Amino acid sequence: MAAYAALVSLMNTIDQIEHHPSPPICIDKQQVESLAQILTFLQEFLESYKSPVSDGDEADPLEMRIVDAAHAVEDVIESHIVNVIELGRSNPNEELFECCDSFSDYTDVEDLLEMPFAAEEVNSREEVSCIDFYEDLQQVIEEMNVIKKEAMETSAEAQLQRKVSSTRAGSLTSSSTVKESMMVGFDDVVLQLLDKLTGGNRNRQIIPITGMGGIGKTTLARNVFEHALVKEHFDIHAWTTISQTYNVRETLRQVLHQVTGNLGSDMSDENELGEQLYKYLYGRRYIIILDDMWSIEVWDKMRIFFPDYNDGSRVIVTTRLSNLATKLTNSNSIGMRFLDDVFSWSLFSKTVFGDEDFPLHLEEIGKKIVGKCKGLPLSIVVIGGLLAKSELTLEYWEHIEKNLSSIVNSENDEYWLRVLKLSYDHLPVYLKPCFLYTGMFGEDQRIGVSELMRLWVSEGFLKPIINKSSKTIAKEYLKELVDRNLILVHELGKLGNIKFCKMHDLLRDLCLKEAEKQRFYYVLGQHCPRGINSLRRIVIPKSTSHTTVKDAMETMSSRARSFICHADTVPESLDFRFLRTLTTDKDSRGYLEENVFQLVNLRYLSGEFRKGFQIPSSISLLWNLHTLIVSIWGGEPTTAPVEIWKMHQLKHVEFGSPGMYLPDPRSGHSDVMMENLETLKGVLDFNLNEEMVKIIPNIKKLFIMYLLKVMERVKCLSYLSKLEILACIIDVGSDAEYLQSISFPLSLKKLSLQCGKLFHLEEILEKIGSLPHLEKLQLVSGQFATRRWEIVEGQFPSLKYLSLGACGDMECWTLEGSCLPRLEQLHLTWMWSLEEFPSEIGEIPTLKSIGLRNCSESMVVSLKKIVEEQEELQGEPSIHVLVKSSNVSQELQSLATPNFRVVKW
């Protein structure tokens, strides 16, 4: 809810000032203590408070009073911060924070006035008067105290509602189980669709899947798309989501990228991209999924680029519109139906209890709850997700059933939204802001999990927990939302972590409606809520015109804290003095201006700048910047200002294309330490000397590239004792002999190394093999001087993912003893000289998949024998193999089975 988010945000703001090494202002200690007491009480009150149920457009008045009061305190504090920093900017000869530092030893305004220079000095600067600040802050604190008393009376008048608690630990594994069980009751539909896909009709067929939102259209399409029979039958597989706000050019780019690995030129138009796609698809049997189509116009514009070669190609379209399906085809449509009672109960049982038995004392009430979901799979899994994370008591389940009963008796036009809102209403209060915030992303947009969690931190949604980092808390929040089926897992990383997530359309609609009611954020183009002048977050959706954005900026609140732009157009001037979060989509064509570095309260800055841009030295005035993500369109690498080393709060720094140089810290500043910095990406020729290691002692992710001689620039790499992820590109060869002496920190979990052709791999791989925690290794280029790679017993004890590419001179690969004991995935690319797979590969019990691309044919044949031997021993396939080759001979094609796929690349 907005009230809880406002309180936690304010508490975080105060905490950041209190613990900043050089805070821009200081707050009277008595005021801090008073605020902390009020905020703590109100947070605990909201954690137990149950607001009156309202399906209208009005939010709870008490909660909104808390929102406004918390915002008022934040406005006073951050206004003073901006004024102080702007004064320092206009008086560059003065120490910006000198006055503040002088005040830090005084506990109240009376002490301040006793300073021999203070009264005269401060009163001469009315715009940054510390006395005025004290008085203004005291006034809003007193207003918050009035609300606190009202909340205390509310608590005394009625018993606090039962707090929704998590008594059973969820897991990502259980979430995965739920997603598989979503196909409960649709076995016959799966078979029907498989028959249409692989049947005898040679013409290109369009197969629409129709049904209401949440009924399982996308899940059905995904199930058959990943089916072994479909993978074997079709040469090319691609999936793209259309949505209501479609973009044909971007859709074609997505399909082209999936089938060729090429995104096409940024300057290519629809026809150019379509022609490239047509030429690649021609003569190949393909299956294309067009998910969530709303208009026949999309198909009319794209159909000419999908050749009909009389080879049995298929296009699946999922849509909520039955009339659209009729326009696409007369006979092939598949309509999704509601689940009957038996299958609804089966899905509900698996969602709540997995493979465990359903408790007898909850069966009767459970069946009543399932009946109220009316057979819609989405409603069943969302309500099931709620109950799976709650108390397993009859009283609580009866409470849920009673609420569902009132929904059933309401009007049916928003029935499903009301069912889903029940799950939102019963979320723990700390999860509500994070859930609502996720709705700001576009319809069907895949959401980067790392980005989402950083934004949650930037917005101040996460209540601090002792001995837990903000990243850990964010991961736990995300996991809870996934376990409750409120956020969908879209894509997993190589090691099984969630990489991208999505939100179902109905749940996103719920977020937008609730956010509007609570004035949580405003999405441009939607109904403008009352109180727009007090809105803190503004979202610019995709396909918003430049004129619309420009006009809207004139009416937006000058006190906005977040500006999230998904559109291709970005306002030239952002006059939001208090802005904390500013981000634009990586794929947008909008560019930020240098004036964004005047927004001194920024915590999160992500965007692209025009050619010739350089980060200004004034960046050091952004006193609380946590995340900096900068790309320069079409430009040459530049050097960051030396002032960047003064930014103690930075946690995540990422320089996109073309990368950036970091200057050496100024001499005489040996005390500089960026102890919060955990991620550093896109740095060129980074000098990792002893001094630098002391400056970034807690770095965990490091992505670096060397264009010049490496020499001793990486000699202290092993001293980074907390480094977990390292990606290093070495685009030079003259230092190849020196590079053999590189040592890696024992803390490494993921390593990606791209080397020059003169780089000898044997010695460095021996060092890498001894890393105890390494789980993922990607190695590109380099050479094997002995033309062989021997992995001896005990090496790579934790490795789960291994990728080796463009090491064409390796002719022999041997494994000895119990090496690679945990390997799950193996990928080899452009390994032409390797003639035979080591037979020991088949003996690794954890190995699940092997991928080969453009490797020697004899290697593929030897791998086939290994896989067949393992199948004979175990009685079933244990290793899935995908072979991609630009030249698929008849011999290679003859090896293909559902478990050993061979496709043209």
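Fair warning: this is a prediction, and the values are worked out from it, not measured in the lab.
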Contact between [X] and [Y] at the side-chain level, heavy atoms closer than 4.5 Å - yes or no?
X    : Y    : value
P464 : N12  : yes
V482 : V489 : yes
N899 : E871 : yes

Side-chain donor/acceptor of [X] to backbone N/O of [Y], under 3.5 Å:
X    : Y    : answer
T260 : H257 : no
K701 : I725 : no
Q258 : W239 : yes
D809 : F784 : yes
Q795 : V792 : yes
S878 : Q874 : no
N698 : E675 : yes
S856 : L834 : yes

K681 to F655 six-membered ring, cation-pi geometry met (6.0 Å, 45°): no
Among L723, V714, L720, I764, side chain to side chain contact (heavy atoms under 4.5 Å, CB included) partner for F744: I764
Plane angle bin for Y437 and F461 - parallel if under 30°, tilted between 30 and 60°, otherwise perpendicular: perpendicular
Mutual orientation of the aromatic rings belonging to F837 and W813 [parallel < 30°, tilted 30-60°, perpendicular > 60°]: tilted
Rounded distance (nearest 0.5 Å) linking atom CG of L847 with atom OG of S849: 7.0 Å
Point-to-point distance, once rounded to the nearest 0.5 Å, from SG of C501 to CD of E451: 10.0 Å
Salt-bridge criterion met for E476 and K468 (N-O under 4.0 Å): yes
Carboxylate-amine/guanidinium proximity below 4.0 Å for K722 and E724: no
T241 and K502 side chains, donor-acceptor separation under 3.5 Å: yes
E232 CD: over 12 foreign heavy atoms closer than 6.0 Å: yes
CA sep, side-chain torsions, deciding dist, call: E824, R822, salt bridge (Lys or Arg N to Asp or Glu O under 4.0 Å): CA-CA 6 Å; E824 296 177 1; R822 300 180 64 187; over 6 Å; no
Sequence neighbours excluded, every pair satisfying ring-ring contact (aromatic ring centres under 6.0 Å, His included) that has a member inside residues 472-499: Y430-Y477
Residues forming a ring pair (Phe, Tyr, Trp, His ring centres under 6.0 Å) with H827, sequence neighbours excluded: Y801
